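Positions are given from 1 along the sequence. Worth saying up front: this structure is predicted, and the values here are computed from it rather than measured.
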Amino acid sequence: MELTILDPGPQRRIALADEVSIADAAELRDALALALTTSEQLELDLSGLESIDIAGLQILTALLHESHPVRITAPSEAFVQTVELLQLEPLRSACQQEALA
């Protein structure tokens, strides 16, 4: 997993790339929890995401249920296909909202 902070300001932008697996779950959860507490808005750029397993999807789904504003931008084709295959409605909606923007 490659997690890069693109903009450390109050409108925090984070890029998530490569593969996200259960081995990365704790690190991803902790990084996103910190980002939530230190920003006003969180934007996740998923354009470089090549694959994600159910543990990573669970963390992103939980993130969308936070009261903190979270936006998914540029979801990769692999991410969209996985979300569609598993019919994960919160993540599917987030991807559709990005497509409409």
Item to complete: Say whether, by atom type as modelled, one donor and one acceptor occur between the side chain of S76 and the main chain of L49 under 3.5 angstrom.
Response: yes
Practice prompt. Decide yes or no on side chain to side chain contact (heavy atoms under 4.5 Å, CB included) for L63 and L44, but give the supporting numbers first.
Written response: CA-CA 11 Å; L63 182 68; L44 294 177; 3.6 Å; yes
For residues 82-91, please give each side-chain donor-acceptor pair under 3.5 Å, one per line with the distance, not counting sequence neighbours.
residue	atom	partner	partner atom	Å
T82	OG1	A78	O	2.9
E89	OE2	S93	OG	3.0

Enumerate donor-acceptor pairs with a distance under 3.5 Å from any side-chain N or O in residues 34-42 to protein atoms, sequence neighbours excluded.
residue	atom	partner	partner atom	Å
T37	OG1	L34	O	2.9
T38	OG1	R12	NH1	3.0
T38	OG1	R12	NH2	3.3
T38	OG1	L34	O	2.9
S39	OG	A35	O	2.6
S39	OG	H68	NE2	3.3

Fill in: Heavy-atom side-chain proximity of E19 to M1 below 4.5 angstrom
no
Practice prompt. Test side chain to side chain contact (heavy atoms under 4.5 Å, CB included) on L57 and V20 and set out the steps.
Written response: CA-CA 9 Å; L57 291 168; V20 176; over 6 Å; no
Worksheet entry | CA sep, side-chain torsions, deciding dist, call: I59, L32, side chain to side chain contact (heavy atoms under 4.5 Å, CB included) | CA-CA 9 Å; I59 290 167; L32 294 176; 4.0 Å; yes
Practice prompt. Find the distance between CZ (R29) and CG (D24) and round it off to the nearest 0.5 Å.
Written response: 12.5 Å
Fill in: Derivation of the side chain to side chain contact (heavy atoms under 4.5 Å, CB included) call for F79 and L16
CA-CA 11 Å; F79 180 78; L16 193 56; over 6 Å; no
Item to complete: Using a 4.5 Å cut-off on heavy atoms from C-beta on, say whether the side chain of I54 contacts that of I22.
Response: no
Discussion item. Working to the nearest 0.5 angstrom, can you tell me the gap between R13 CZ and D7 CG?
Written reply: 6.5 Å
Fill in: Closest contact, heavy atoms only, T61 versus H65
O-ND1, 2.8 Å
Item to complete: Indicate yes or no for a side-chain donor-acceptor contact from D30 to the backbone of A33 under 3.5 Å, with no hydrogens or angles considered.
Response: no
Item to complete: Only counting residues at least two apart or in another chain, list the ones meeting side-chain contact (heavy atoms from CB on, under 4.5 Å) with Q58.
Response: none
Worksheet item: Between atom CG of L46 and atom CG of L60, what is the distance when rounded to the nearest 0.5 Å?
Response: 6.5 Å
Practice prompt. Indicate, with yes or no, if L64 and I14 share a hydrophobic cluster defined by side-chain heavy-atom contacts under 4.5 Å among Ile, Leu, Val, Met, Phe, Trp and Tyr.
Written response: yes
Item to complete: Can you see which heavy atom on C95 is nearest to which on V80, and at what distance?
Response: SG-CG2, 4.2 Å
